Amino acid sequence: MKITAARLIVCSPDRNFVTLRIDTDEGIYGLGDATLNGRELAVAAYLEEHVLPCLIGRDPFQTEDIWQYLYRGAYWRRGPVTMTSIAAVDVALWDIKGKALNTPLYNLLGGRSREGVLVYTHANGRDIPEALDSVRKYMDEGYLAVRAQAGVPGVASSYGVPKAGKPYEPAERGLPSESLWSTEKYLNFAPSLFEKLRVELGSDVHLLHDVHHRLTPIEAARLGKSLEPFHLFWMEDPCPAELQESFELIRRHTTTPIATGEVFNSLWDAHDLMRHHLIDYIRMTIVHGGGITHAKKTADFAALYQVRTGYHGATDLSPITMAAALHLGLAVHNFGIQEHMHHSPLTDGVFTHQYTFDAGYMHPGNAPGLGVEIDEALAAKYPYQRAYLPVARKLDGTLTDW
Ligand code: GCO
Ligand code: MG
């Protein structure tokens with residue numbers, strides 16, 4: 001089998017997506033997600049100008065050699081644009097492989113290790129009562145695990161809380177919006193949210209929370225300690241993780257489990273965090289972390305240190321990535337949990353898929369390969385529109401981590 005063509009489909013059904021299609025001489029094609037929220041066309045250019053011409057004529061089964069060729073051959077290594085580009089090729093090739101062998105992808109990744117993939121979704125509210133209603137709504141829908149975010153009193157716009165009446169979508173068209181942040185107000189508020197949730201909802205539901213890189217290590221230690229009575233499933237992205245050793249300080253003060261890595265793009269970003277037992281879940285997902293080939297190696301490395309997977313699964317990762325994550329999540333032994341933020345009906349119409357939700361668990365389906373298709377005619381009705389993630393400033397105007 002040989003690769004005969006490779007092209008991008010850039011569309012924006014409610015939000016931007018970049019999709020790679022790779023065709024072969026046997027009529028089988030594969031799809032890969034190449035979406036990097038707020039920097040979509042950087043990846044598109046990297047792929048079209050520097051990667052896709054090198055694929056023509058290659059054997060699509062050679063996923064390892066092609067991965068090494070694209071990683072080492074570029075000379076300039078790692079980074080979100082490079083690794084998202086490699087991921088798109090890698091996932092499309094795995095899709096081809098599954099279709100050619102007429103088997104769902106999970107069978108090529110170790111086979112089914114569990115009945116279903118535990119997922120969590122996003123609950124939020126402008127205040128605690130709204131957030132409580134939102135968590136309860138998802139519990140009623142069958143979710144066993146729910147992320148809870150709420151507006152912080154005294155702070156105009158908080159991460160994870162949508163503008164009134166709209167589903168939460170962080171990327172906004174036009175130039176970057178600016179939001180405000182107050183660590184003091186947040187640290188004084190957060191425990192009251194989870195105290196209320198536990199009092200009203202009991203101790204069985206898994207509660208997760210995303211700090212979104214906003215604290216210093218000692219502030220994160222204070223937060224983790226204050227949340228211990230409410231036994232969260234995890235505290236996510238407590239502080240920026242470029243300085244991996246800074247997590248030692250958090251770890252010294254709190255037993256609240258820690259998840260991080262959605263902005264990582266290679267194993268080397270998480271290597272020290274895992275081997276020094278500084279995190280409990282690795283969130284680096286398939287689309288930004290070099291594809292299935294690298295995600296499987298990262299999961300296997302994580303297993304040595306009893307770190308489990310907890311992949312990023314927001315709406316800016318296309319259903320292609322959701323499907324790939326579910327295939328991998330069904331197969332790897334050290335699976336932890338999978339984020340599942342609902343795509344819009346329009347997005348689901350463009351990217352038809354086989355994955356399903358039932359009673360808190362998801363399953364990728366048993367179609368050969370990924371089990372995802374793209375309706376290119378429908379996609380063409382929604383052309384790309386530049387969009388940005390917000391930036392954040394502290395109350396005194398200092399730029400901070402959004
Ligand atoms: C999450 C993430 C998102 C990101 C978004 C950026 O936990 O799902 O933190 O909310 O902000 O994916 O594009
Ligand atoms: Mg997050």
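FYI, side chains are in, hydrogens and waters are out, and symmetry mates aren't considered; it's all heavy atoms of this structure. Both ligands and their constituent atoms are indexed starting at 1 by order of listing. Keep in mind that this is a model prediction, so the values were computed, not measured.
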Evaluate the ring-ring contact (aromatic ring centres under 6.0 Å, His included) criterion for residues His363 and Tyr355: first the C-alpha distance (whole Å), next the side-chain angles of each, then the deciding distance (0.1 Å), finally the verdict. CA-CA 5 Å; His363 194 284; Tyr355 55 77; over 10 Å; no

Going by the rule side-chain hydrogen bond (donor to acceptor under 3.5 Å, both in side chains), which residues pair with Gln68 if we only count those two or more places apart in sequence or in a different chain? Glu64, Arg72

Ion pair [X]/[Y], N-O distance below 4.0 Å:
| X | Y | value |
| --- | --- | --- |
| Asp140 | Lys137 | no |
| Arg147 | Asp210 | yes |
| Asp23 | Arg21 | yes |

Tally of protein N/O/S atoms under 2.8 Å from the Mg ion (ligand 2)? 3

Quick note, side chain to side chain donor-acceptor pair (under 3.5 Å) partners involving residues 375-389, not counting sequence neighbours, are Arg7-Glu376

Check whether any side-chain heavy atom of Leu55 sits under 4.5 Å from a side-chain heavy atom of Val89, and report yes or no. yes

Would a line drawn from the ring center of His271 to the ring center of Phe301 be shorter than 6.0 Å? yes

Short N or O separations between ligand 1 and the protein, below 3.5 Å:
unit_1, atom_1, unit_2, atom_2, d
ligand 1, 7 (O), Arg147, NH1, 3.2
ligand 1, 7 (O), Asp210, OD2, 2.9
ligand 1, 7 (O), Glu236, OE2, 2.9
ligand 1, 7 (O), Glu262, OE1, 3.1
ligand 1, 7 (O), Arg283, NH2, 3.1
ligand 1, 8 (O), Glu339, OE1, 3.3
ligand 1, 8 (O), Glu339, OE2, 2.5
ligand 1, 9 (O), Tyr159, OH, 3.1
ligand 1, 9 (O), Asp210, OD2, 3.1
ligand 1, 9 (O), His212, NE2, 3.1
ligand 1, 9 (O), Glu262, OE1, 3.1
ligand 1, 9 (O), Glu262, OE2, 2.6
ligand 1, 10 (O), Tyr159, OH, 2.5
ligand 1, 11 (O), His212, NE2, 2.9
ligand 1, 12 (O), His312, NE2, 2.8
ligand 1, 12 (O), Asp316, OD1, 2.8
ligand 1, 12 (O), Asp316, OD2, 3.2
ligand 1, 13 (O), Asn37, ND2, 2.8
ligand 1, 13 (O), Asp316, OD1, 3.3
ligand 1, 13 (O), Asp316, OD2, 2.9

Stacked cation flag Arg214 on Trp181, 6.0 angstrom / 45 deg: yes

